[in-house]
Amino acid sequence: MTDRALVPRPRRLSAGLALRRNGAVLALAVLLAFNAAVTPYFLSPGTLNINLTQVAPIGIVAVAMTLVIATGGIDLSVGSLMAIAGALAPIVYAAALARFGSAGLGVALSIALPVLAAIALGWLNGAVITRYRIQPIVATLVLYIAGRGIAQVMTNGNVQSFAQPAFGFLGLGRILGVPFQALLMVAAVAAGAFALKRSLVGRQILAIGGNERAARLSGVPVVRVKRLVYALSGLASGVAGLITVAINSSSDANLVGSGMELDAIAAVAVGGTLLAGGRATVVGTLVGALIIQLVRTTLIANGVPDAAALVVKAALILGAVWIQRQGRS
Amino acid sequence: APELPKLAKKATYKVGFAQTESNNGWRIAETNSMQDEAKKLGYQLVYTDAASSAAKQVADVNSMIAQGVDAIFLAPREEKPLIPAIMNAKKAGITVILLDRNVDQKLALAGRDYLAFIGSDFIEEGRRSAEWLAKATDGKAKILELEGTTGASAASDRKAGFDAAIAKFPGMAIVASQTAEFTRDKGRQVAETMLQAHPDATAIYAHNDDMAIGALAAVKSAGKVPGKDIVIVSVDGAKEIVELVVKGEVGATCECNPRFGPKAFATLQAYADGQSIPPLIINADRFYDASNARELLPTAF
Amino acid sequence: MPPLLSMRGVAKSFGAVAALTDASLDVARGEVHALIGQNGAGKSTLIKVLTGFHRGDAGTVSFDGAPFEASSPKDAQAKGIATIYQEVNLVGFRSVAENVCLGRRFSKLGLLDIGAMRAEARRLLARFGLDLDVRRPLDGFPIATQQMVAIARAIGFSSKLVVMDEPTSSLDDREVESLFAVIRGLKADGVSTVFVSHKLDELYAVCDRVTIMRDGATVRSGSMAEIPKLDLVATMLGRDLKAVAQGGTTGFGAKGGGARRPVVEARNLFRAPLVSDVSFAVGAGEIVGLSGLLGSGRTESVRLLFGADRAEGGSMALDGRAFAPAEPRDAIAAGLGFCTEDRKREGIVPDLSVRENMTLALMPRLTAAGIVDGKRQRDIVDRFVRRLGIRCSSPEQPIRELSGGNQQKVLLARWLCTDPKLLILDEPTRGIDVGAKGEIQALIRELAEGGLAVLMVSSEIEEIVEGADRAAVLRDGRTVAALAGDELTEERVIDAMAHGSTGSAPC
Amino acid sequence: MNLLNAPTLAQRERGLLLLGRYGVVLGLGALILFGALRYERFLSPFNVLSFLGYNSMFALVSLGMLFVIATGGIDLSVGAVAALGSVVSALASPSGEAWGLAAGVGTGLAVGLVNGFAVVRLGIAPFIATLATMLGARGVALLAAGNGTVSASYDSGFTDLGQGDVAGFPVPALVALACFAIGWVALERTAFGRTVLAVGGNEEATRLMGLPADGTKWAVYAVSGALAGLAGVVLAAQFGAGQPIEGQGWELFAISAVVVGGTPLNGGNGSVVTTLAGVILLGLIFNILNFENGLGTVSLSAYWQSVIRGAFLLLVVVAQAKLVARGSPERA
Ligand SMILES: Nc1ncnc2c1ncn2[C@@H]1O[C@H](COP(=O)(O)OP(=O)(O)OP(=O)(O)O)[C@@H](O)[C@H]1O
Ligand SMILES: Nc1ncnc2c1ncn2[C@@H]1O[C@H](COP(=O)(O)OP(=O)(O)OP(=O)(O)O)[C@@H](O)[C@H]1O
Ligand SMILES: [Mg+2]
Ligand SMILES: [Mg+2]
């Protein structure tokens, strides 16, 4: 009787493993190389600037989304919160100007109040989720549906012109030649990455995402941490909404932030964060956001029609996430 | 084929207005115009919004039929999918007037299946924009085209009209054409990227005002002078863009007036009075450029 | 006659961790075969390679006289190997009947015959003396019942070999007895059983032969009768026979004496439906046992103390002051620690490292201005890894990759490092090998001697009797006996569990 | 040994649980009653039948979504797949209704298999996998349709699939009803259905129990894709055109309907009947808003409609959560 040997499996080459572990970075490098070779005028400061300004809102929202996803949640309402914050800014400015007569105070309030409103709504998401134990996807779906409606009701659907120069700095300003919003994004990424790695709340976020019951029994304030991440998501959405308004010098409640939830979630996933929670990387998310932005630029700059662009995007998301997974298993 | 439904003469009517969507200024202006006119006449208006879905719009029309309205104003989302709604209304003996977009005449014929179409000719808008641009640039231009939402008839017709007219000028070429979904933000982003990849472009054609305004921001942030380095031409002609034409930042815009209220209700009344109604009522849209913008600005919508 | 199952030279690595290096296992027809080894020796891994859940890296397997390779558990099942995996692995939401019958054919005309499924489930469970409402979701039943359902399910497949990976870790004595009856029944039908357990008495009670594993390799196998207990333990631990002979059966050592200042006191706790009237007290430096049959409400009671659930009646006091934690973190802040019985669901955070898991409860105290002090954290972790002898490739290894026993040690360390006043241990040695078990018990005693108050829930009466200074016995959610000193004997405890007689010592 | 038997739930708790589970049916009844009393022709055959015809498409995608959600997954691609299905079936419709039907359903099935592949083989989270196919299917639909709508053939009998009726009852509604009946049997009375729920309840355990967890996941995405394709066929047939940009937000409608129907998103549970009630309930909101506008007392702007829908969804899920929480003995 001959026993059949269980086939031994060859060990993977460690170089290949390393490459795959950084799959998202690899994908980004490939995209950059491709563009450098193919896209006209790609390697120019102008292009860099444009990409940085365009990626900033996605990046900022995606960082917060990473934290939300790390707790095992998800936030579909980010785009709607952007719209609400964006709709509020010109309204607040006009009201403040009429009441106090000071443009400076008007700008300060038109930044502070909308962001506060977005934080409050984000916190509300968290409250609904923790108070009634409703699935995050459903709880935030509520504001996804209703939030834009609220913004539209506030403005009656009209586009509000808002060309206040000081406010416009959010979207149009430069510091040492770098777009201000890009700096905001970098700050958000740095803060997010540091918090997740080194701060108490960061570890608690991961513990909740990994095993909520165990976390609670270990003294993690589950409810508080969850509300915090959704409030942070609100904060990020609020800021991103204001940036979008600033750069367009106008606020359109119908469109500000539309589709942002999908872009942000895709950035998080492409970056290598586990959608089920418990494992997350903020820097990966930044890479993911850059990939998504670069894909967009590549397709537009090379004149790929919209329909085909969608198919390419789909393949890229699947590919990037798949490469990521290879690194882990 | 059975006759067009009749409309009895009454002091007041219950009419439906099935709007396509309300996510841009143009649609909002159209809705407001319809609502204002209904209020002025003392008619009861059943207003629905299809949220960009042709299928929902059919359901909306059906619910108006169920409610027994006297007439329906329909701004059809699409050329073909709305046919069943029109046929249902006809079967129920309800007068239908189409606004701003027509339906496929092979499937439902104006004057036979519904009373009339009132609106603009999108292809014509594209053609007029192209011809103005040819004149303004002496037939020499490298054009960036910002398309409307992929699949929308306003987008494909405005593109078709423009592209066909441009083809007659050997010195004019469309160097890039991408959708920016009729929105200001996308218009800016897409134009930014296009301008970067095609620094030699000299003109931008946008399928609506919002994208043109977004593109204008992109032109400025690329360090170019609008009107000098880059000529912008768009379609719609809202007050905001006519002001920019006056300022010289936008070259020209072809009007596509959303204020359908007065004409739509007048047509309905004329029909009730027994007058004969032409099946196609095309708006006499204006064309704004530097020569007339200042003068016409007060009358822009 | 060739053995029914023969595995030779099986190896399996997970990345850098070599779980199996050279494992062998021979099981004869109709025999009950014990598989033992320390935590992390590779028993579960060997079983999962056999059933196709893992793919082995090397080795040969033959089964029923032919080369054997299962591509999946389903395949193994189809080929005659039914398996009960370690930790209850069933679908909690679904009914008992469904869980028992899933994967088997119960259809008429392509549609499920639900009546037949229920009847089959009742029939199988009856073999264990269980009479359940099989339509109810499995979730609602105690873990012990769930474990029995898992066993019943495996028995239901008419197979040649039944593999049981620690089936008794959450069963009490009576249930273990009925399981043994079933195993003997299988044996009579010529079905072989592989039986994994850390409870040596059980092995001697039911097994014919034994295979001993150490560090991923098989080190010895032979007839159960020929290997005395001490020899078995020594081989398993890889230690000298004499060194082992010196210890007792449990590792507790001498008891502390005298009454102590009470640290915590609970009076007439009530919370529907499982806790009706529970009282106990624990003093500094003593170990108080909480005994009772499965489902008697022990876990529910200590959860109230820890703030995991809120008491609906009764009172608690900590250091003489009224104590009513609303959340576990209140209890932790007050100096309590709680090692839960359900490791997988309430203990580990699988993706986090050993380091993060161990310091989860301590973390707020390792934090300045919201930032974790990484160095202190590593120091503490290193100390406890060494002190408890935790086997891991590094503190950065995800805890899910550790064997069950080592996970348990990490969780114990999670609380020890918070330096608590009172430590609640719910089944602290469940699923832990005798070596580690002795260590943990000794450690508990040592901690108590250092002044720690310990409240220990255990289903092992031996553990209570030998380990605890005093004990409370629960029955149907009521404290029915409080035993101390000489009263604390196995007979008294069993008597109280069964009949509810009351001891004299105030508790 | 009834010690091991968990305590039976009090009658009241059981009642609350049932109310949580079937409350949607009561809610539906209440809403219909409200409509019937308030609006004159609310229950007129024309309104009822056209309502059913239109909502049949949502019913089909929601049924597929239910199966996916029951395994603990999610399928965001259903709306785009329906659009793609409508285009393909419209293109095939001149060859006859059978061809149109087969083409639409087949296309949906194919996308469903891609989803299954991505989720099972590539191990990509369902949310992301189906987000990608949502984009991809939309792109292919636009490409196939040349960026416009595609006429369906009115001559080949294809449009009867959408516009025809059997004894006055619209064909799409009959199709949806039949699918729900089959879906009910499949989920409640077949080994496949039980495995679907088992996978959702505890995937690893299901695998260890020797059940075909992977195959089942492939299957639910395939089913969801095929049903979305069928919804696309109905779309094309009912409106006489393949519409590549239709179906936006259908996935959210379907998810809402499943959730309102009392099925939790984490899998392991699922009810076909209450999902249907959820679909009708959500659909009725639009219908009632239209009728309310017709009364002329208040004219709600379109924007209020989404606010009301959101608020309604919140109300329903909170009510459900409260009932279930009070009725369930589950510990925290
Ligand atoms: N999926 C995995 N990934 C990485 N390492 C693993 C995995 N499964 C098991 N191991 C490692 O393999 C070794 C053997 O583990 P196994 O679970 O087989 O032990 P065991 O003998 O069953 O122990 P116990 O008695 O504690 O259950 C351990 O060191 C464990 O850390
Ligand atoms: N509300 C409940 N309804 C039904 N069963 C429950 C409920 N809460 C807990 N259970 C189950 O009842 C079992 C018995 O409760 P409990 O854990 O308090 O008793 P125990 O004496 O600690 O038993 P064990 O030794 O199993 O932990 C638990 O294991 C749990 O699975
Ligand atoms: Mg094991
Ligand atoms: Mg217990």
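Labels below follow one simple rule: chain letters A, B, ... track the order of the sequence lines, proteins then strands, and each chain is numbered from 1.
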When rounded to the nearest 0.5 Å, the distance separating CG of A/Asn49 from CD of B/Glu192 is 9.5 Å
Is a salt bridge present between B/Lys224 and B/Asp229, judged by a nitrogen-to-oxygen distance below 4.0 Å?
-> no
B/Ser22 portion near chain A, given a 4.5 angstrom heavy-atom threshold | backbone
Fit a plane to each ring of B/Phe182 and B/His207, take the angle between them on a 0 to 90° scale, and name the class: parallel (under 30°), tilted (30 to 60°) or perpendicular (over 60°).
-> tilted
So what's closer than 4.5 Å to chain B heavy atoms on A/Leu172: side chain, backbone, both or neither?
-> neither
Roughly how far, to the nearest 0.5 Å, is the CG atom of A/Leu32 from the CG atom of A/Leu290?
-> 8.5 Å
Against chain A, label B/Glu240 side chain, backbone, both or neither, depending on which of its atoms sit under 4.5 Å from a heavy atom there.
-> side chain
B/Asp36 bridged to B/Lys39 by N-O distance under 4.0 Å = no
Side chain, backbone, both or neither: which part of A/Ser249 has a non-hydrogen atom closer than 4.5 Å to chain B?
-> neither
What residue in A/Asn254, A/Thr53, A/Thr39, A/Thr244 has the most heavy-atom pairs under 4.5 Å with chain B?
-> A/Asn254
Which atoms of A/Arg148 approach chain B - backbone, side chain, both or neither, heavy atom under 4.5 Å | neither
From B/Asp163 atom CG to B/Arg158 atom CZ, the distance as rounded to the nearest 0.5 Å = 14.0 Å
Closest-packed option against chain A by number of heavy-atom pairs under 4.5 Å, given B/Lys186, B/Arg184, B/Met194, B/Glu147 = B/Arg184
Tell me, side chain or backbone of A/Asn302 under 4.5 Å from chain B's heavy atoms, or both, or neither?
-> neither
Measuring from A/Gln152:CD to A/Ile84:CD1, what's the distance to the nearest 0.5 Å?
-> 10.5 Å
Which atoms of A/Ile300 approach chain B - backbone, side chain, both or neither, heavy atom under 4.5 Å | both
Output the option from B/Ala218, B/Gly25, B/Ala197, B/Ala222 having the highest count of non-hydrogen pairs under 4.5 Å with chain A.
-> B/Ala197
Contacting region of A/Thr297 [heavy-atom separation from chain B under 4.5 Å] = both
With a cut-off of 6.0 Å (strictly less than), are more than 12 heavy atoms of other residues, nucleotides or ligands near OH of A/Tyr144?
-> no
Heavy-atom proximity to chain A below 4.5 Å, by part of B/Gln178 = side chain
